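Reminder, nothing fancy here: chain letters follow the sequence lines and each chain counts from 1. Quick caveat: nothing in here was measured; it's all calculated off a predicted structure.
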Amino acid sequence: MELLAFVVFGLAALVSAIVVVAHRSPIHSTLSLVVTLVSTAALFLMLGSPFLAALQVLLYTGAILVLFLFVIMLLNVQRERTGAAARSPFQTWSALIAAFVLAGAVCRLLWDAHGEAVLAPLTEDFVALRNTASLLFRDYLLPFEMVGLLLLVAVVVASWVARRGGADSEEESR
Amino acid sequence: MSPETLAALAKMGLWLAFLINVAPIMLWVERRAPAFMQDRLGPNRVGPLGFFQGIADAAKFIFKEDIEPATADRGLYLLAPVLALVPCLTTYLVIPFGPDIEVAGRTMASVVIDSDSGIFVFLALASLGVYSLVLAGWASNNKWSLIGAIRASAQMISYELALTLAVVAALVPAGSLHLGRVVDYQIGERLFGFLPAWGVLVQPIGFLVFLVAMFAETNRLPFDLPEAESELVAGYHTEYGSIRFALFFMGEYMAMAVLSALAATLYFGGWSLPGVDLMQLPGVLPALVGFVILTVKVAIFMFLFVWVRWTFPRFRYDQLMRLGWKVLLPLALANLVYVAALAVGGKL
Amino acid sequence: MSVPISWYLLLAAALFAIGAIGALTRRNGIAIFLSIELMLNAANLTLAAYSRLLGDRAGQMVVFFVLAVAAAEAAVGLALFIGIFRLRRTIDVNRINLLRW
């Protein structure tokens with residue numbers, strides 16, 4: 001049962017991840033990323049963290065990617081052209097080879113380290129939301145507050161950078 | 001099949017029977033109620049008082065010709081109406097509709113997913129609703145649709161913040177993300193010794209914020225800018241006809257019903273009525289009667305939706321954004337601080 | 001049958017490599033951004049898997065903070081793209097060469 005779920009969601013994540021980087025239309029890329037992230041949320045659930053699964057769907061797909069879609073539609077981003085304007089084949093191939101070497105090395109290391117080791121069964125204690133919450137709001141309270149501050153700064157900066165007028169108002173009036 | 005699976009299927013069947021009927025009945029209410037308000041008759045030919053108008057309309061939707069725009073992005077165009085049903089057909093899973101009941105010697109909760117993180121799951125799945133609107137608007141390859149989609153994405157993200165903050169404040173008294181515990185709290189406590197501790201009495205401002213955000217999240221008037229017919233033809237579903245349009249239509253009414261059920265659960269005691277002890281009833285009756293009580297509360301909310309629609313004019317887009325960010329969000333935050341202060345001070 | 005933990009880790013490594021390829025080969029600024037989100041997501045999966053393996057919820061906390069920082073990053077990054085688009089009418093990174101020698 002768990003194996004079946006892993007295969008389904010793992011394959012969905014892999015295939016949609018490939019579509020994300022291979023598709024030329026940014027809208028389709030973003031939507032494939034939605035599939036990847038939702039599949040990963042299902043994997044989080046299988047790894048005993050309903051908290052992360054819900055957060056992933058709520059925050060990533062429900063807010064961040066909608067923001068991406070919003071900006072893509074607002075700027076009317078077109079498909080990438082191929083041909084002369086494209087990157088040199090050298091760059092593409094070196095990126096592909098580097099990524100494959102990296103992935104191969106990491107996979108080898110991971111396999112050597114863990115092999116076919118099977119996990120201990122999930123405990124009620126590990127899954128319980130109450131325990132996660134007390135960890136977050138007691139032991140990690142300071143980082144939590146700092147992330148809140150970071151988000152506030154990000155909102156202020158974003159609305160300042162994307163504002164109309166100001167430094168680029170000449171451009172606007174053209 | 002195990003008894004647990006059977007029970008879950010039975011509970012889902014109850015909800016689905018309810019949700020499927022929401023759209024046809026609302027279609028009738030949405031025509032007869034404004035007709036009454038405007039002193040005219042409304043559709044009254046099909047069945048008694050025109051009650052079967054919904055069925056006639058459903059048949060019309062199914063048999064109409066299916067037209068696809070030639071320049072549409074076909075895959076996404078077909079996917080969007082199906083996605084419209086996903087959030088409303090999954091979120092009801094965590095809404096409780098009765099007390100724990102005893103069936104064949106085992107205790108069973110009257111909610112499909114009896115989980116700690118109930119409301120968290122609800123919010124996560126509900127946040128996926130915006131995709132169907134955005135995809136429909138973009139895939140139709142029509143400028144009115146696209147404008148509707150952009151409006152929808154900005155509007156739903158903005159009002160989700162206020163909605164979520166209001167929900168968080170509503171959970172504080174019960175101290176649990178499990179909606180069943182929230183209802184239990186509202187049954188168990190008394191305000192000033194005689195009033196039921198319904199959320200609406202503890203935090204009226206929170207309820208007001210939730211109510212307004214609920215209208216915006218379901219794209220109902222006065223916030224129906226994504227489909228404003230006087231500016232955008234029909235907004236994101238301009239290019240949809242026949243059964244595909246019907247799916248958007250059903251999705252909208254089901255979303256209204258599920259959000260109304262959440263509002264009733266958080267602020268109006270859910271499946272309970274003050275002075276009525278459902279536990280006295282035998283067998284599965286407590287769950288069924290609880291479901292009926294919840295349905296009545298949902299029906300009152302649904303009528304409110306119609307009533308507001310025919311009473312208020314549509315907002316302008318800048319007014320909508322100003323209301324969301326500069327009024328509702330600060331109000332929701334203030335309400336959260338107020339409820340948290342009550343909780344810390346031991347008044348709840 | 002339960003799944004060995006290394007499968008989760010291998011899947012995360014594969015996702016990371018795919019994201020890296022995208023970030024290195026795409027020219028559309030937003031597509032590069034999406035690839036980076038993909039890499040972040042792969043890292044999150046690794047953290048969650050190790051948190052499960054070690055039975056320590058600290059890994060989940062790190063994922064929480066990564067998600068929050070990703071939200072901040074997306075807000076600022078997309079605002080920058082809007083600003084750049086206002087200035088240059090494009091978000092093709094080959095043509096945003098203001099700071100290139």
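- Contact annotation for C/Asn44: both backbone and side-chain heavy atoms come within less than 4.5 Å of a heavy atom of chain A.
- Shown here for C/Tyr50 and A/Leu110, the closest heavy-atom pair between the two residues is OH-CD2, 3.6 Å.
- By number of non-hydrogen pairs under 4.5 angstrom with chain A, the leading residue of C/Leu11, C/Leu34, C/Leu10 is C/Leu34.
- Proximity to chain A is limited to the side chain of C/Leu40, based on heavy atoms less than 4.5 angstrom apart.
- Taking the ring centroids of A/Phe51 and A/Phe44, they lie at or beyond the 6.0 Å cut-off.
- With rounding to the nearest 0.5 Å, the separation of CG in A/Leu52 from CD in C/Gln60 is 5.0 Å.
- In this structure, chain C has a heavy atom under 4.5 Å from the side chain of A/Tyr60, while its backbone stays farther away.
- C/Met61 CE to A/Leu136 CG: the interatomic distance, rounded to the nearest 0.5 Å, is 5.0 Å.
- Using a 4.5 Å cut-off between heavy atoms, C/Ala12 makes no contact with chain A at all.
- Comparing C/Phe33, C/Phe64, C/Tyr8 by how many heavy-atom pairs each has under 4.5 Å with chain A, the most go to C/Tyr8.
- Checking each of A/Leu59, A/Thr30, A/Leu31 against A/Leu65 for a side chain to side chain contact (heavy atoms under 4.5 Å, CB included) leaves exactly one that passes, namely A/Thr30.
- Of the two parts of A/Leu33, only the side chain, counted from C-beta on, holds a non-hydrogen atom closer than 4.5 Å to a non-hydrogen atom of chain C.
- Nearest approach of C/Arg26 to A/Ser29, heavy atoms of both residues: NH1-OG, 3.8 Å.
- Under the rule for a side chain to side chain contact (heavy atoms under 4.5 Å, CB included), A/Ala105 has no partner lying at least two apart in sequence or in another chain.
- Counting heavy-atom pairs closer than 4.5 Å to chain A, the top-ranked of the candidates C/Gly77, C/Ala72, C/Gly22 is C/Ala72.
- Between chain C and the residues A/Val7, A/Val157, A/Thr36, the largest count of heavy-atom pairs under 4.5 Å involves A/Thr36.
- Comparing C/Leu78, C/Leu53, C/Ile21 by heavy-atom pairs within less than 4.5 Å of chain A, the highest count is held by C/Leu78.
- Of the atoms belonging to A/Leu102, it is side-chain heavy atoms, and not backbone ones, that fall under 4.5 Å from chain C.
- Interface summary for chain C: among A/Phe6, A/Trp160, A/Phe70, the most heavy-atom pairs under 4.5 angstrom belong to A/Phe6.
- With a threshold of 4.5 angstrom between heavy atoms, A/Leu67 approaches chain C through its backbone and through its side chain.
- If you measure heavy-atom distances from C/Ala42 to chain A, you find no contacts under 4.5 Å at all.
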ask   = Between C/Asp56 and C/Ser51, does a side-chain hydrogen bond (donor to acceptor under 3.5 Å, both in side chains) hold up when you go through it step by step?
value = CA-CA 5 Å; C/Asp56 183 355; C/Ser51 145; over 6 Å; no
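- Using a 4.5 Å cut-off between heavy atoms, C/Phe16 contacts chain A through its side chain alone, with no backbone atom that close.
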For residues 139-155 of chain A, dump all side-chain donor-acceptor pairs below 3.5 Å to protein atoms at least two apart in sequence or in another chain.
none

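- Neither the backbone nor the side chain of C/Glu73 comes within less than 4.5 Å of any heavy atom of chain A.
- Proximity of C/Phe81 to A/Phe68: side-chain heavy atoms (C-beta onward) are nowhere separated by under 4.5 Å.
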